[in-house]
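Take a look at the structure below.
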There are 2 protein chains.
Amino acid sequence: MTDSLKLPRFLLIKQTIENHISSGSWPVGTRVPSENDLAASFSVSRMTARRALTELDKEGLLTRTPGLGSFVAKPPAVIPNVELPNVVQDIQNIGIYSCRILTLETIQADMATAKKMRVEVDDELYKGIFVHLDSQNPVQFEEIVVNAKLAPAFVKQNYNKVTAENYLNWVIAPSHTEYRVSAVQASAAQRRELKLTHDGEGICIKVTKRHWVQKTVLSISTLINPAEKFHLGQQIQ
Amino acid sequence: MTDSLKLPRFLLIKQTIENHISSGSWPVGTRVPSENDLAASFSVSRMTARRALTELDKEGLLTRTPGLGSFVAKPPAVIPNVELPNVVQDIQNIGIYSCRILTLETIQADMATAKKMRVEVDDELYKGIFVHLDSQNPVQFEEIVVNAKLAPAFVKQNYNKVTAENYLNWVIAPSHTEYRVSAVQASAAQRRELKLTHDGEGICIKVTKRHWVQKTVLSISTLINPAEKFHLGQQIQ
DNA sequence: CTCCCGTAATTGTATATACAACTATACATT
DNA sequence: AATGTATAGTTGTATATACAATTACGGGAG
């Protein structure tokens with residue numbers, strides 16, 4: 001016997017339709033049987049057939065319009081997007097992580113920073129500068145500015161095992177994050193800290209993130225990654 | 001009067017719950033009223049209250065377990081991913097696009113290329129090198145290698161308005177694409193073509209894509225973008 | 001021929017009901 | 001004290017029904 005005895009009927013209907021679509025026998029634009037048709041052919045009530053169709057609609061496989069019927073939907077265009085790697089987490093998984101704290105202090109917002117952080121000038125902020133190392137080799141330079149009101153305990157935290165950014169994600173989950181990825185030449189200080197001594201080295205990928213909590217800015221962090229050791233997406237070989 | 005007369009009741013219930021969640025008055029883990037509770041307090045049938053809860057469940061705002069109840073769900077970890085901009089399309093939308101063809105020829109696969117393209121050595125490939133311009137200003141350097149068997153008409157195409165990549169997307173929709181984003185120093189030829197004459201210029205973001213059609217490689221394209229004009233994600237200001 | 005209207009078909013909203021499956025708790029038995 | 005049982009509450013599945021809103025189509029009036 002099949003497992004049809006335990007399989008809910010609306011799921012059986014869904015799978016039947018999904019199979020017709022994925023096999024190509026119902027190409028895009030095909031009209032699928034109406035709720036009443038399905039109810040009759042599967043010997044279920046209209047509400048059960050309806051559930052199969054509405055769920056397939058919400059999943060994007062069908063488009064339903066009153067008076068017309070249900071139709072196989074055009075699959076969405078593939079949006080090429082790339083995941084941002086979490087360098088520190090990668091090290092903690094497969095390497096030996098440590099962290100050098102260059103700066104961890106309270107500052108007052110200057111005009112440019114106040115604007116980006118959406119606070120008033122002279123408002124209290126925390127500033128941290130870190131170098132993340134894998135087996136004593138520096139791999140990432142991090143600079144972070146935090147809204148002091150939202151994370152009062154920020155400067156008292158121990159950052160040997162937890163990143164500043166991860167600490168904030170734990171304490172205050174950001175509701176939204178903006179990203180910007182660009183390429184820059186490392187500054188003198190960054191070159192020194194990242195040990196980019198050779199000529200020709202120094203090209204870095206800069207990742208800037210602004211974390212929001214509702215309508216206020218929690219933090220802005222800037223990550224500087226030497227291009228030799230850092231990339232987005234898979235290796236192509 | 002409000003618009004409550006036209007607003008479906010299940011939507012009213014949904015919005016009420018959403019407001020409790022987004023305002024913070026029902027934090028993560030809070031148990032929300034049961035189907036019967038909602039049915040009673042909103043004077044609707046259980047099925048209507050149920051619809052509100054099940055939809056919020058599928059949208060990820062609630063977690064429902066039989067016998068226990070419905071609870072405010074933990075918001076999903078934000079997956080930091082960035083869209084790859086389509087430079088040519090952006091120019092065509094808001095600028096004046098043109099294209100210089102540096103190379104457009106048939107070649108035979110050498111060992112390294114054959115490996116990446118998943119073809120045999122000496123198999124026929126097409127190679128194209130383009131410079132994309134906005135108002136005569138070069139903004140992107142493109143190099144593409146195409147499997148000749150899959151796109152025999154590739155070299156005969158006119159690439160003044162359509163990118164090589166877009167042409168391939170039209171003729172043969174790739175089923176899967178791999179990406180890699182890194183930062184490099186432009187080569188001498190690239191500096192010349194992109195008019196990166198000043199000292200200090202020359203840092204570029206390199207985007208490599210490999211398009212697959214089922215189990216065969218359709219093309220590998222490499223885009224070189226001057227960092228000054230190119231970034232991923234939004235501007236943060 | 002054109003416009004208007006009725007009708008059938010389809011999806012959307014809503015109710016009332018029934019039973020199944022699962023969970024935690026309280027209570028009774030051993 | 002540990003175990004088993006009954007029960008109430010919750011979500012999951014399913015049915016039968018009613019009416020509303022939208023669409024296409026056909027037929028009749030002008």
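Chain naming here is simple, since letters A, B, ... match the order of the sequence lines and numbering starts at 1 in each.
- Contacts between chain B and DNA chain D, taken as any atom within less than 4.0 angstrom of a protein heavy atom, begin and end at D/dG9 to D/dA14.
- Annotation: side-chain hydrogen bond (donor to acceptor under 3.5 Å, both in side chains) contacts of A/Ser25 (sequence neighbours excluded): A/Ser23.
- Under 3.5 Å, the side chains of A/His211 and A/Ser219 contain no donor-acceptor pair of N or O atoms.
- Between B/Ser34 and A/Leu68, the residue whose closest nucleotide on DNA chain D is further toward the 5' end is B/Ser34.
- Contacts of B/Arg100 classified as salt bridge (Lys or Arg N to Asp or Glu O under 4.0 Å), with partners at least two apart in sequence or in another chain: B/Glu193.
- Within residues 36-60 of chain A, the residues that have a heavy atom under 4.0 Å from DNA chain C are, in order of number, A/Arg46, A/Met47, A/Arg50.
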Below 3.5 Å, can you tabulate the donor-acceptor pairs from side chains in residues 129-137 of chain A to any protein atom, sequence neighbours excluded?
unit_1, atom_1, unit_2, atom_2, d
A/His132, ND1, A/Tyr97, OH, 2.6
A/His132, NE2, A/Glu142, OE1, 2.6
A/Asp134, OD1, A/Ile96, N, 3.1

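- Each of B/Pro66 and A/Leu11 lies near DNA chain D, and the nucleotide nearest B/Pro66 is the one positioned closer to the 5' end.
- Checked against side-chain contact (heavy atoms from CB on, under 4.5 Å), B/Thr63 has the following partners two or more places apart in sequence or in another chain: B/Ala73.
- A sub-4.0 Å separation between OP1 or OP2 of C/dT10 and a side-chain N or O of A/Arg64 is absent.
- Screening residues 60-76 of chain B for salt bridge (Lys or Arg N to Asp or Glu O under 4.0 Å) gives B/Glu35-B/Arg64 as the qualifying pairs, with residues at least two apart or on separate chains.
- A straight line from CG of A/Leu62 to C1' of C/dT10 spans 14 Å, rounded to a whole angstrom.
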Side-chain donor/acceptor pairs under 3.5 Å, residues 152-159 of chain B, sequence neighbours excluded:
unit_1, atom_1, unit_2, atom_2, d
B/Asn158, OD1, B/Asn160, N, 2.8
B/Asn158, OD1, B/Asn160, ND2, 3.2
B/Tyr159, OH, B/Phe154, O, 2.7

Hey, can you pull the donor-acceptor pairs under 3.5 Å for the side chains in residues 53-61 of chain A, sequence neighbours left out?
unit_1, atom_1, unit_2, atom_2, d
A/Thr54, OG1, A/Arg50, O, 3.0
A/Thr54, OG1, A/Arg51, O, 3.0
A/Glu55, OE1, A/Lys14, NZ, 2.9
A/Glu55, OE1, B/Lys58, NZ, 3.3
A/Glu55, OE2, A/Arg51, NE, 3.1
A/Glu55, OE2, B/Lys58, NZ, 3.0
A/Lys58, NZ, B/Glu55, OE1, 3.2
A/Lys58, NZ, B/Glu55, OE2, 2.9
A/Glu59, OE2, A/Lys14, NZ, 2.7

